[in-house]
Each structure stands twice: as structure tokens, then as C-alpha cells.
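Working notes, structure below.
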Amino acid sequence: MTWLLRGVRWMRWYVRELTDESAYDRYVAHVRREHPAATVPSRRAFERMRTERAESDPRQGFRCC
């Protein structure tokens with residue numbers, strides 16, 4: 001049974017890393033570690049900031065829609 005649970009946890013981790021769903025978690029950990037006095041933005045604000053940064057950088061490509 002433990003091998004099944006371990007497999008499910010690994011699959012969840014793998015899918016979150018593949019889809020970059022864990023980016024917010026890594027960002028929150030970074031802010032809390034490196035800038036403890038700073039406020040952590042909400043997930044929505046983080047995603048907005050990430051999208052704006054990607055769209056403003058020409059090396060990231062462009063968005064057609």
C-alpha cells in the first residue's frame with residue numbers, strides 16, 4: 001500500500017512540475033526566505049505579474065490570442 005501512495009505522490013509532483021503549477025509555491029518560499037518583511041502577493045497577483053513579464057519580454061515569444 002505504501003508503494004501505491006508513494007507512486008501517487010510522485011505522479012502529483014511530476015504533473016505539478018510539468019505544468020509549472022508549483023511556481024507559486026516556489027515563489028512564496030523564496031519571498032519568505034529572502035525577504036521576510038515583504039508581503040506575499042496572492043496567487044492571482046502572482047499569475048498576473050508572471051503573464052505581464054512573459055508578454056513584455058520578446059525572448060518569450062508572443063501571444064497570438
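- Summarising the hydrophobic clusters (Ile, Leu, Val, Met, Phe, Trp, Tyr; side-chain heavy atoms under 4.5 Å, direct or chained), the residues clustered with V15 are W10, M11, W13, Y14, L18.
- The distance from the CZ atom of R43 to the CD atom of E21 is 4.5 Å, given to the nearest 0.5 Å.
- Under the side chain to side chain donor-acceptor pair (under 3.5 Å) criterion, E47 pairs with no residue at all, not counting sequence neighbours.
- Applying the side chain to side chain donor-acceptor pair (under 3.5 Å) test to R16 and every residue at least two apart in sequence or in another chain returns D25.
- Residues passing the side chain to side chain donor-acceptor pair (under 3.5 Å) test with R26, sequence neighbours excluded: E17, D20, S22.
- Among pairs with a residue in residues 3-14, none fulfils salt bridge (Lys or Arg N to Asp or Glu O under 4.0 Å), at least two apart in sequence or across chains.
- With sequence neighbours excluded, the residues forming a ring pair (Phe, Tyr, Trp, His ring centres under 6.0 Å) with Y27 are F46, listed by chain and number.
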